[in-house]
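Presented below is the structure to which this report refers.
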Amino acid sequence: MATTIEVEDTITVGALAERLMIPVSKLIAELMKNGIMATVNERIDLETAQIITEELGLDVEFKGKSTDSPIPQRVKPKGGTAAVPRPPVVAVMGHVDHGKTSLLDAIRGSKIASSEAGGITQHISAYMIEHNGRSITFLDTPGHEAFSAIREHGAQLTDIIVLVVAADDGVKPQTIEAIRFARKAGVKILVAITKIDKDDADPNRVKQQLSEQNLLPEEWGGDTVVQEVSAKTSKGLNELLDMILLMADMEELKADIDVPASGLIIEAHVEVGRGPVARALVEAGVLKPGQFIVAGHTYAKIRNLESSKSEPLKQAGPSTPVTITGFKSLPEFGDEFRVVKDERSARSQADMTARENHKVSNRGITSNELLRIINRSNELKELNIIVKTDVQGSLTSVIDSLKALNTEEVAVRIVGSGIGSITENDLRLSKASNAQIYGFNVNCASAVRQQAVRDRIELRLYNVIYELIDDVKKELEQLLAPEVIETETGTLVIKGIFNTTKTSIICGGEVTKGKLVTPSYARIERNGKKLMTAEVTNLKRGPTDVNEVTEHEMCGISLRTPAKLELQIGDRLIVFTKEVQERHL
């Protein structure tokens with residue numbers, strides 16, 4: 001009979017693994033096999049949970065239950081009666097290396113992909129272009145699986161998602177994930193089949209794969225717009241932009257401009273000489289330099305307001321991507337911002353949010369969690385890490401990806417994290433907590449490097465996220481207890497006993513099966529019952545020491561025992577070897 005688990009409409013991967021009593025890494029691996037790239041804190045729906053448990057061979061039935069306090073979903077602001085038309089916000093999403101950034105480069109006429117480390121987008125970026133006298137705001141989201149949080153964040157920001165699929169590669173895991181994000185956010189999908197100029201391009205195969213994901217192309221009788229494009233030759237680009245504007249017109253996108261400006265922080269980092277810098281998307285109202293804005297636990301008097309081309313702006317309306325300086329501290333990736341009347345209001349609201357966040361972070365763990373930690377404390381090995389990245393979005397992605405590596409035996413423990421260069425404070429924290437320092441897209445002054453060498457602190461810098469994650473994975477694997485593989489080699493029946501002490505036995509017998517080798521181990525059995533395990537220290541054939549005795553031969557054997565044992569004629573020795581193998585996550 002199937003076990004019934006009652007959950008809300010969705011459940012986090014970590015919570016599901018706990019309910020199923022399986023390692024979260026095993027569940028994430030099974031999700032990946034099914035094309036779902038989910039982190040430990042990401043939520044999946046009941047249907048997905050049921051499919052995955054069936055794939056794992058678990059007899060579990062899920063039953064939805066209503067909840068009085070559902071997890072809030074961010075709703076994009078809608079304009080009132082005085083709202084005016086606004087440009088569409090378009091996110092470009094898809095599998096890594098399918099040509100998202102190259103497509104946007106062709107649209108914008110710039111060169112970005114070649115300068116990105118590893119040839120993949122490392123951050124979310126936003127900029128506005130003009131087409132036929134109208135504006136379109138584009139968001140470029142990373143394709144690597146580690147940036148799942150950024151991609152979902154991008155989906156929630158947008159009106160239309162351009163799903164990029166390479167004609168020579170087809171639908172891949174991040175493609176399916178992007179479709180899921182779009183549906184979850186209620187966003188329209190437009191498919192761009194890229195790389196059609198390549199010799200092995202097969203657009204029809206891609207369309208077939210899309211139909212299997214319930215995205216039936218219009219030409220096949222469905223309602224999904226599919227446009228074939230080439231960033232290399234610019235074929236289909238104008239048609240793609242025309243279709244984006246047509247879809248935007250059908251959505252009748254509007255926003256209020258006579259309200260205090262508000263929007264969302266999409267990136268934040270520290271720049272030398274400018275301090276905290278945030279990239280944001282205005283969603284309503286008109287943002288101007290000199291205004292006071294609140295974003296989560298921090299606030300700013302806008303010192304500089306710039307476009308995505310780093311040009312000064314006197315004002316920015318709805319759907320405009322902007323760069324803002326003047327923050328007292330770094331806002332968080334995903335914070336909503338809003339204009340307030342003065343600095344006093346800004347400081348008060350920011351302080352209130354900071355206090356609420358502090359309360360949440362200091363809430364005690366549940367009794368069940370405490371018991372689980374106590375039970376695992378003797379076996380869990382932790383790798384202490386300090387993470388420094390260039391921007392908030394990257395920090396979120398790196399930490400989420402590292403936490404997904406955790407198992408019942410080994411885990412990453414983030415003892416410190418932050419934005420900006422690696423400093424002497426990081427070295428002090430590393431020394432105090434015995435932590436390794438991992439930097440992503442950040443610098444490290446030569447004096448700090450020299451200090452790290454003197455203090456023998458492990459300091460590693462990366463500009464490609466999957467290289468960082470792979471290296472942490474290797475460090476965790478070194479903490480795993482090695483696997484001991486036992487291989488049975490032969491059986492000996494005792495025919496004579498020559499000497500017995502507290503810690504050794506010398507006896508003789510006939511090899512009835514296989515062969516005996518040394519060094520090896522032996523399980524001593526009597527009437528099928530195991531008495532103890534001993535170490536084989538020597539073999540003799542007659543007066544001669546040998547390393548091997550084969551079936552049907554007589555031999556003498558010396559054993560090192562953990563305690564004294566009165567061996568009897570007729571006892572059996574099951575001889576086996578042990579091989580130690582490294583384990584992998």
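What you see is a predicted model; the values in this text were computed from it and never measured.
- Using a 4.5 Å heavy-atom threshold, the side chains of S417 and I399 count as touching.
- Remark: R413 engages no residue in a salt bridge (charged side-chain N to carboxylate O under 4.0 Å, His left out) (not counting sequence neighbours).
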Show me, pair by pair, the donor-acceptor contacts under 3.5 angstrom made by side chains of residues 221-230, not counting sequence neighbours?
unit_1, atom_1, unit_2, atom_2, d
E228, OE2, K207, NZ, 3.3
S230, OG, D197, OD1, 2.6
S230, OG, K232, N, 3.3
S230, OG, T233, N, 3.1
S230, OG, T233, OG1, 3.1

Item checked: Stepwise side chain to side chain donor-acceptor pair (under 3.5 Å) test for N132 and D242 -> CA-CA 9 Å; N132 293 341; D242 289 339; 3.2 Å; yes
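- To the nearest 0.5 angstrom, K188 atom NZ is 11.5 Å from L190 atom CG.
- In this structure, F138 and Y127 have tilted ring planes: the angle between them lies in the 30° to 60° band.
- Proximity of a side-chain donor or acceptor of K388 to a complementary backbone N or O of S421 within less than 3.5 Å is detected.
- No more than 12 heavy atoms of other residues, nucleotides or ligands sit less than 6.0 Å from atom CD1 of I257.
- Residues F337 and P331 are not in side-chain contact: their nearest non-hydrogen atoms beyond the backbone lie 4.5 Å or more apart.
- Residue pairs meeting the salt bridge (Lys or Arg N to Asp or Glu O under 4.0 Å) criterion with at least one member in residues 463-472: none, sequence neighbours excluded.
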Margin query: The test is side chain to side chain contact (heavy atoms under 4.5 Å, CB included); show your working for L103 and L237 and say whether it passes.
Written below: CA-CA 8 Å; L103 175 63; L237 295 187; 3.3 Å; yes
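- Listed for the S394 side chain is no donor-acceptor partner under 3.5 Å among the backbone atoms of D390.
- Looking at heavy atoms from C-beta onward, T320 lies out of side-chain contact with L287 at the 4.5 angstrom threshold.
- Once rounded to the nearest 0.5 Å, the distance linking CG of L281 with OG of S319 reads 6.5 Å.
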Notebook entry, point to check: How far apart are the C-alpha atoms of K314 and K288, what are their side-chain angles, what is the distance that settles it, and do they pass the side chain to side chain contact (heavy atoms under 4.5 Å, CB included) test?
Noted result: CA-CA 6 Å; K314 292 183 178 180; K288 300 176 182 178; over 6 Å; no
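- A heavy-atom distance below 4.5 Å is found between the side chains of L402 and I414.
- Within the 4.5 Å cutoff, side-chain heavy atoms of F327 are placed close to those of I293.
- The side-chain contact (heavy atoms from CB on, under 4.5 Å) with I422 is formed by just one residue from the set I386, L461, N443; it is L461.
- For the pair L240 and N238, the minimum side-chain heavy-atom distance is 4.5 Å or more.
- Of the candidates R205, K198, K195, K198 is the only one forming a side chain to side chain donor-acceptor pair (under 3.5 Å) with D168.
- In this structure, the separation between CD1 on I469 and OG on S401 is 4.0 Å, given to the nearest 0.5 Å.
- Judged as a salt bridge (charged side-chain N to carboxylate O under 4.0 Å, His left out), and not counting sequence neighbours, the contacts of E271 are R274.
- With sequence neighbours excluded, the residues forming a side chain to side chain contact (heavy atoms under 4.5 Å, CB included) with K309 are S307, E311, listed by chain and number.
- Rounding to the nearest 0.5 Å places CD of Q209 at 12.0 Å from CG of L215.
- Across V206 and A166, no two heavy atoms sit closer than the pair CG2-O, 3.8 Å.
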Next item on the list: Mind running salt bridge (charged side-chain N to carboxylate O under 4.0 Å, His left out) on E252 and K254 for me, showing each step along the way?
Entry: CA-CA 6 Å; E252 297 182 350; K254 293 183 178 182; 5.9 Å; no
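- Taken to the nearest 0.5 Å, the CG atom of N304 stands 10.5 Å off from the CG atom of L313.
- Nearest heavy atom pair, residue P87 against residue D159, reads O-OD2, 4.3 Å.
- Not a single donor-acceptor pair under 3.5 Å links the side chain of E267 to the backbone N or O of R279.
- For E477, there are no salt bridge (charged side-chain N to carboxylate O under 4.0 Å, His left out) partners, not counting sequence neighbours.
- Contact annotation: the side chain of Q208 approaches that of W220 to within less than 4.5 Å [non-hydrogen atoms, C-beta and beyond].
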Check: Checking side chain to side chain contact (heavy atoms under 4.5 Å, CB included) for the pair I22/L27: CA distance, chi angles, key distance, verdict?
Finding: CA-CA 7 Å; I22 62 174; L27 183 57; 4.2 Å; yes
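- I244 and I160 get closest at one heavy-atom pair: O-CD1, 3.6 Å.
- With no hydrogens or angles considered, no side-chain donor-acceptor pair links S262 and E283 at under 3.5 Å.
- The shortest side-chain heavy-atom distance between I176 and Q213 falls under the 4.5 Å cut-off.
- In this structure, L264 CG and R338 CZ are separated by 12.0 Å, a value rounded to the nearest 0.5 Å.
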Item checked: Worked check of side chain to side chain contact (heavy atoms under 4.5 Å, CB included) between V90 and T137 -> CA-CA 6 Å; V90 181; T137 294; over 6 Å; no
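- Here the closest non-hydrogen pair linking F440 and I465 is CE1-N, 3.4 Å.
- Across all their heavy atoms, D335 and A295 have their closest contact at OD2-O, 3.6 Å.
- Closest heavy-atom contact between L468 and G439: CD1-O, 4.2 Å.
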